[in-house]
S.K.: 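Take a look at this one; I'll ask things after.
This one's a predicted model, so the numbers in the text were calculated from it and none came from an experiment. Because only heavy atoms are used, hydrogens play no part in the values below, and waters and symmetry mates are left out as well, while side chains stay in.
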Amino acid sequence: MNTTVSAAGLTVRYGGTPALDGVSLRLTDGVTGLLGPNGAGKTTLLKVLATAVPPDDGGFTVRGEDPSTSAGRLAVRRTLGYLPQTPGFHPDFTTFEFVDYVAVLKELTGRAERHREVRRVLDQVGLADVRGRRIKRLSGGMRQRVALAAALVGDPGFLVLDEPTVHLDPEQRMHFRELIAEAGEGRTVLLSTHQTEDVAMLCHHVFVLAGGRVRFDGTPAELTARARGRVWSSTERAPGARAGWRTGTGAFRNVGDPPAGAELLEPTLEDGYLLVLDEGNEGNERNDENTEVAAA
């Protein structure tokens, strides 16, 4: 697949502390997942790619357009759909009025054409029946769909989604996954999430971000494979496990370095993700130790 978004050495500092530390990545059409713990730099990365925050170092292009110039930034924004983690709703607007307002900001100035587009995206996300309802009277799941409809206005080629399934119940999350999968057909979607099951079900590629750096770059199957041979079952909590918890069966599921003769289990993407984070933490600790030795 052809690269549609290419970033190299993206660095953003807040008060001298790097939120992003030399992040490089390539995105293609389809849904790419972005995993990472709180404070990893995921939202900062999405804000940079959405041209909301300029990087201190490094750069990127979206479909060949470079946002470091005013003309390039305008070109990127014209092909961009952005669903932030906390959408800025106008609660007294109706569903239709809010999406129509976003359509105006996206330069859809012809009234008849713009209203057709608003109806199209509301139909696409299943909100045709509540077009006249005020946003403050919508459920949390419906509000998320309003935000997605606003991001889809103008049929953007690059869709940036920051935690779109947060606070949704299982049924709402399942429906939202269907919408995201559909949105990924023929466009580039970057999905930031804490939900490893969203990545396993939706994404053809995944990045793991921690401490402002890319710790993993590969397919969900490759991330899962990182834990093969490193997940096992035991009747008691394993003291040497990197992570372990009692399951519904009463047995413990452990992730780490199993003892000889352990009953190995089939790994999940979450197991691989936990190990990548753990390896990243070990690397940080070694770097800190080396820095202290050098300083001494």
Side-chain angles (χ1 to χ4, degrees), residues 1-12 18-53 55-63 67 76 80-85 157-166 177 180-181 183-184 187-228 267-284:
M1 289 187 288
N2 293 328
T3 299
T4 57
V5 179
S6 179
L10 291 177
T11 300
V12 175
L20 295 180
D21 191 7
V23 169
S24 298
L25 51 79
R26 293 179 181 273
L27 306 179
T28 61
D29 279 352
V31 184
T32 296
L34 180 63
L35 287 171
N38 290 330
K42 301 191 303 300
T43 293
T44 298
L45 175 59
L46 266 56
K47 286 181 177 179
V48 169
L49 296 179
T51 73
V53 172
D56 294 311
D57 291 302
F60 68 100
T61 59
V62 177
R63 300 187 181 273
V76 168
L80 176 72
Y82 180 35
L83 193 165
Q85 188 171 5
F158 180 33
L159 193 60
V160 177
L161 307 177
D162 194 357
E163 299 286 354
T165 62
V166 70
R177 285 173 184 160
I180 294 170
R187 62 163 59 89
T188 301
V189 178
L190 181 58
L191 168 66
S192 174
T193 181
H194 283 97
Q195 306 288 339
T196 54
E197 61 267 31
D198 286 349
V199 173
M201 293 182 179
L202 291 170
C203 300
H204 72 282
H205 202 89
V206 58
F207 293 92
V208 176
L209 198 66
R213 298 179 182 177
V214 174
R215 306 295 183 177
F216 177 84
D217 174 357
T219 67
E222 289 168 340
L223 181 54
T224 301
R226 294 285 287 265
R228 192 164 301 283
T268 65
L269 186 142
E270 183 176 52
D271 297 327
Y273 169 61
L274 290 173
L275 287 171
V276 166
L277 293 183
D278 188 69
E279 292 162 4
N281 289 335
E282 281 189 344
N284 288 338

S.K.: Can you name the closest pair of heavy atoms from R226 and F216 and give their distance?
M.R.: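 Closest pair (atom of R226, atom of F216, distance): NH1-CD1, 3.3 Å.
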S.K.: Would you give the length of the straight line joining atom CG of L25 to atom CG of L10, rounded to the nearest 0.5 angstrom?
M.R.: 7.0 Å
S.K.: Pick one: which of T193, L191, V206, L46 meets side chain to side chain contact (heavy atoms under 4.5 Å, CB included) with L34?
M.R.: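 For L34, the side chain to side chain contact (heavy atoms under 4.5 Å, CB included) test succeeds with only one of T193, L191, V206, L46, which is L46.
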S.K.: Can a donor-acceptor pair be found, under 3.5 Å and without considering hydrogens, that links the side chain of T32 to the backbone of G30?
M.R.: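 No; judged by distance alone, with no hydrogens or angles, the pair does not exist.
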S.K.: Can you find a pair of side-chain heavy atoms, one from L80 and one from V62, that are under 4.5 Å apart?
M.R.: no
S.K.: CG of L20 to NZ of K47: how many Å apart, nearest 0.5 Å?
M.R.: 11.5 Å
S.K.: Roughly how far, to the nearest 0.5 Å, is the CG atom of D29 from the CZ atom of R187?
M.R.: 9.5 Å
S.K.: What's the spacing between E270 CD and L275 CG if we round to 0.5 Å?
M.R.: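 Between E270 CD and L275 CG, I get 11.0 Å after rounding to 0.5 Å.
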S.K.: Mind listing the closest non-hydrogen atom pair of V214 and S24 along with its distance?
M.R.: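 Closest pair (atom of V214, atom of S24, distance): CG2-O, 4.0 Å.
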S.K.: Measure the shortest side-chain to side-chain distance between Y273 and P37 over non-hydrogen atoms and say whether it is less than 4.5 angstrom.
M.R.: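 Heavy-atom side-chain distance check passes, below 4.5 Å.
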S.K.: For a 4.5 angstrom cut-off between non-hydrogen side-chain atoms, does L27 reach F207?
M.R.: yes
S.K.: Could you tell me which non-hydrogen atom of L159 sits nearest to which non-hydrogen atom of A183, and how far apart they are?
M.R.: CD2-CB, 3.8 Å
S.K.: Nearest 0.5 angstrom please: T196 OG1 to L35 CG, how far?
M.R.: 7.0 Å
S.K.: Walk me through whether Q85 and K42 qualify under side chain to side chain contact (heavy atoms under 4.5 Å, CB included).
M.R.: CA-CA 11 Å; Q85 188 171 5; K42 301 191 303 300; over 6 Å; no
S.K.: Are any side-chain N or O atoms of S6 and backbone N or O atoms of R26, one a donor and one an acceptor, separated by less than 3.5 Å?
M.R.: no
S.K.: So which heavy atom on A210 is nearest to which on A40, and how close?
M.R.: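 Heavy atoms only, the tightest pair is CA-CB, 3.9 Å.
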S.K.: Heavy atoms, side chains only, cut-off 4.5 Å: are L277 and R215 in contact?
M.R.: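 The answer is no, as the side chains (C-beta and beyond) never meet within the 4.5 Å cut-off.
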S.K.: Minimum heavy-atom separation for T44 to A19, with atom names?
M.R.: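 Result for this residue pair: OG1-CB, 4.0 Å.
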S.K.: Please test R63 against T188 for side chain to side chain contact (heavy atoms under 4.5 Å, CB included), starting from the C-alpha separation and ending with a verdict.
M.R.: CA-CA 10 Å; R63 300 187 181 273; T188 301; 3.7 Å; yes
S.K.: Say you draw a straight line from CG of L223 to NE2 of H205; how long is it, rounded to the nearest 0.5 Å?
M.R.: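 Rounded to the nearest 0.5 Å, the CG-NE2 separation comes out at 10.5 Å.
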S.K.: Can you find a heavy atom in the side chain of R213 that is under 4.5 Å from one in the side chain of V23?
M.R.: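 A side-chain contact is absent here, since even the closest heavy-atom pair is not under 4.5 Å.
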S.K.: If I compare all heavy atoms of C203 with all of P220, which pair ends up nearest, and what's the gap?
M.R.: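 Here C203 and P220 meet closest at O-CG, 3.3 Å.
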S.K.: Q195 and M201: side chain to side chain contact (heavy atoms under 4.5 Å, CB included), yes or no, with the steps?
M.R.: CA-CA 10 Å; Q195 306 288 339; M201 293 182 179; over 6 Å; no
